[in-house]
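Labels below follow one simple rule: chain letters A, B, ... track the order of the sequence lines, proteins then strands, and each chain is numbered from 1. Source: prediction; values computed, not measured.
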Protein chains: 2
Amino acid sequence: MSFQDVFQAYIDNPSKYKQLVEFEDENVLIIKDQFPKAIRHYLVIPRAPEVTHVHPLEVFNRNYKKYSGDELYDLISFYIEKAKTMIIEDLDKLFDHPKENKLALAELKVDFIRAGVHSVPSLRNLHFHVITQDFESERLKNKKHYNSFTTPFFVDFDKLDPWSNKAYDKLNRGGFGSENQYDSDSAYSSESEDDRVFIRHERDKTILDKIIKTTPLKCTYCGAVFGNKFQELKQHLKEEYLKKYALFDGFEPAKLTPNQFK
Amino acid sequence: MSFQDVFQAYIDNPSKYKQLVEFEDENVLIIKDQFPKAIRHYLVIPRAPEVTHVHPLEVFNRNYKKYSGDELYDLISFYIEKAKTMIIEDLDKLFDHPKENKLALAELKVDFIRAGVHSVPSLRNLHFHVITQDFESERLKNKKHYNSFTTPFFVDFDKLDPWSNKAYDKLNRGGFGSENQYDSDSAYSSESEDDRVFIRHERDKTILDKIIKTTPLKCTYCGAVFGNKFQELKQHLKEEYLKKYALFDGFEPAKLTPNQFK
DNA sequence: TATTCCGATAGTGAC
DNA sequence: GTCACTATCGGAATGAG
Ligand SMILES: [Zn+2]
Ligand SMILES: [Zn+2]
């Protein structure tokens, strides 16, 4: 088994990896990323074999034996929400001031946790990132890591919604028909390899590579630009992180570290 | 005094730097390069103030109060030859088998020591490199070092000869007049900034930079190419060095190290 | 193409 | 866009007063 298939072992035998697996049921695993790029960085991993090797930008535009793309999207949405809840519950427990932090945690869940996918995953099993936007982690080691979460290389889960995709498609074919040069007949075909009737997410690896490598490093909090100076970005992110979490009662920097194994 | 002017201190007060200065007279210093890029790497440094800051590719195409460019060339030629002699005498002493090595040393002097200049010197005082072609030295640390001695960035002393330059010019103006678009009136003017009547040595820093950075690493002995793999080149050069000097009686690798201070 | 230090960039190997 | 290792490549400082 290649490194690209590490998640397959978890899918096949989650009980063997109890240290890693935070939640499991028949549909998904939710695990803590082993190399978290932020204070909390979870992964939602669908288990179905017919789904696990479909590209994340295409997975909800197909139909499956067990469910349609739409149904799968709704299903995964539930677990994405669950992962977010697990994150704030974990932080709530850590801070140990539930009453004082209730509002701030609710805001953090909505404003400061992003869920989505990488346009070019390196690990072959379908997985969805759920990650706080502090990017405070020793494991965040280079521009590639950072820009994979902060540029269009990262596609929000919301943008994968096949319903909004269809609406987008309709809009284009109505008002801006000339912009849509694709075969609408194949739009809902689960057999078709053609996913181009949906929202246009960049798939060209050369272009995506360029995005990762040439997009200047930019603070997600304040927009400050650091060019290629990754160390300076890291230093700045640490300061932003300290400011951000200072809003929570019971925050201690030494305790609020990136998620690790139990 | 900036690092770019280190040689000026030697010129001004050679007796203060007896450890470095191998030879001095009123015209030049001959020193062992402090960061030798080969087993023997000496520098010939003219002392005259009116000469020391002239660009090496132009220095023999001007006239001076003390001498014409031609005369200066002949003068420096003498010291270049002297430096080569010092190198083989040093090796002769080290090997300690003068009779057996006489012929091989004579050949080494002619075939294996190059003298010349860098097209873009980093140190401001005019200096001529006299260097064995083994490039066996810990101080040879990167492609820039190596390619500065093995590409057209390095211009042989012979190619600076103003007499051959003039012959070249004449030839071009006769047989290939159209290739010479320059003002021949300024050819011998010591005041002119125009050195273009002489052999065309590349002076464009962008082009020279490209030569240094993009020329694939290539063994000077056998032509083997190593691309950008500097460590592999180094390993190969060590093997070539061992073969090369094995021809000398009394050769011991541990003793034949790059020149150092006394 | 002075060196040195540091950091960014690039290639590889992983079973 | 898996990590970890190595090596290559790239910019900045360097002094003196
Ligand atoms: Zn900021
Ligand atoms: Zn060779």
Side-chain angles (χ1 to χ4, degrees), chain A residues 1-7 33-37 43 55-57 116-125 127 129 139-155 202-215 217 226-234, chain B residues 1-9 33-37 43 55-57 116-125 127 129 138-155 202-203 205-215 217 226-234:
Chain A
M1 189 183 70
S2 156
F3 70 89
Q4 297 174 298
D5 302 304
V6 284
F7 293 161
D33 192 297
Q34 291 191 64
F35 300 90
K37 304 303 188 292
L43 301 177
H55 192 284
L57 296 182
V117 299
H118 284 152
S119 292
V120 184
S122 283
L123 302 184
R124 280 194 274 246
N125 295 282
H127 55 283
H129 296 269
R139 300 297 196 167
L140 189 87
K141 294 185 173 180
N142 52 52
K143 178 193 284 187
K144 186 171 62 173
H145 288 156
Y146 188 73
N147 277 354
S148 74
F149 288 101
T150 59
T151 67
F153 187 92
F154 188 88
V155 178
E202 185 57 60
R203 289 289 294 275
D204 186 297
K205 288 187 181 182
T206 307
I207 293 175
L208 289 163
D209 188 69
K210 200 170 206 168
I211 288 171
I212 290 290
K213 288 179 178 164
T214 70
T215 304
L217 297 165
F226 297 88
N228 297 333
K229 296 182 176 178
F230 185 76
Q231 296 306 319
E232 292 185 14
L233 169 71
K234 289 275 287 181
Chain B
M1 188 185 71
S2 155
F3 69 89
Q4 298 174 299
D5 301 305
V6 283
F7 294 160
Q8 191 60 51
D33 192 299
Q34 291 191 66
F35 300 90
K37 304 304 188 292
L43 301 175
H55 192 282
L57 297 181
V117 299
H118 285 153
S119 292
V120 183
S122 284
L123 302 183
R124 280 195 275 246
N125 295 280
H127 55 284
H129 296 270
E138 289 184 4
R139 297 299 194 167
L140 190 87
K141 294 185 174 180
N142 52 52
K143 179 194 286 188
K144 185 171 62 173
H145 288 156
Y146 188 72
N147 278 354
S148 74
F149 288 101
T150 60
T151 67
F153 187 92
F154 189 87
V155 177
E202 186 57 61
R203 289 289 294 276
K205 289 185 180 182
T206 306
I207 293 175
L208 289 162
D209 189 69
K210 200 170 205 169
I211 288 171
I212 291 288
K213 288 178 179 164
T214 70
T215 305
L217 297 165
F226 297 88
N228 296 333
K229 297 184 176 178
F230 185 75
Q231 296 304 322
E232 292 185 14
L233 170 70
K234 290 275 287 181

Participant: Quick check against the 3.5 Å criterion: does B:Lys143 have a side-chain atom that pairs as donor or acceptor with the backbone of B:Lys213?
Facilitator: yes
Participant: Rounding to the closest angstrom, what is the interatomic distance between D:dA16 and C:dC5 at atom C1'?
Facilitator: 22 Å
Participant: In whole angstroms, how far is the P atom of C:dT3 from the CG atom of B:Asn142?
Facilitator: 8 Å
Participant: Does A:Lys213 make a side-chain N or O approach to OP1 or OP2 of C:dA8 shorter than 4.0 Å?
Facilitator: no
Participant: Give me the distance, rounded to whole Å, that separates D:dC5 from C:dC15 when you measure between the P atoms they each carry.
Facilitator: 14 Å
Participant: Searching all strands shown, indicate the nucleotide that pairs with C:dC6 (Watson-Crick or G-U wobble; both distances under 3.5 Å).
Facilitator: D:dG10
Participant: NA contact type, A:Lys205, heavy-atom cut-off 4.0 Å: base, sugar-phosphate, or nothing?
Facilitator: nothing
Participant: Check whether any side-chain N or O of A:Gln231 sits under 4.0 Å from OP1 or OP2 of C:dC6, and answer yes or no.
Facilitator: no
Participant: Answer yes or no: does atom NZ of A:Lys229 have more than 12 heavy-atom neighbours from other residues, nucleotides or ligands under 6.0 Å?
Facilitator: no
Participant: Check for me: is A:Phe3 stacked on D:dC3 by the 5.5 Å centroid and 30° plane-angle rule?
Facilitator: no
Participant: Calculate the interatomic distance between A:Leu140 atom CG and C:dA8 atom P; express it in whole Å.
Facilitator: 12 Å
Participant: Checking all strands, does B:Phe154 fall into the base, sugar-phosphate, or nothing category for heavy-atom contacts under 4.0 angstrom?
Facilitator: nothing
Participant: Assuming nearest nucleotide by heavy-atom distance, tell me which of B:Lys37 and A:Glu232 is located more 5' along DNA chain C.
Facilitator: B:Lys37
Participant: Identify, between B:Lys229 and B:Lys144, the residue whose nearest nucleotide on DNA chain C lies closer to the 5' end.
Facilitator: B:Lys144
Participant: Report yes if a side-chain nitrogen or oxygen of B:Asn228 is closer than 4.0 Å to either non-bridging phosphate oxygen (OP1 or OP2) of D:dC9; otherwise report no.
Facilitator: yes
Participant: Looking at B:Lys143, I'd like to know whether one of its side-chain N or O atoms comes within less than 4.0 Å of OP1 or OP2 on D:dA7.
Facilitator: no
Participant: Is the A:His129 ring parallel, tilted or perpendicular to the A:His118 ring (thresholds 30°, 60°)?
Facilitator: tilted
Participant: Atom CZ of B:Phe230 to atom C1' of C:dA10: distance rounded to whole Å?
Facilitator: 18 Å
Participant: Has B:Glu138 got more than 12 heavy atoms of other residues, nucleotides or ligands less than 6.0 Å from its CD?
Facilitator: no
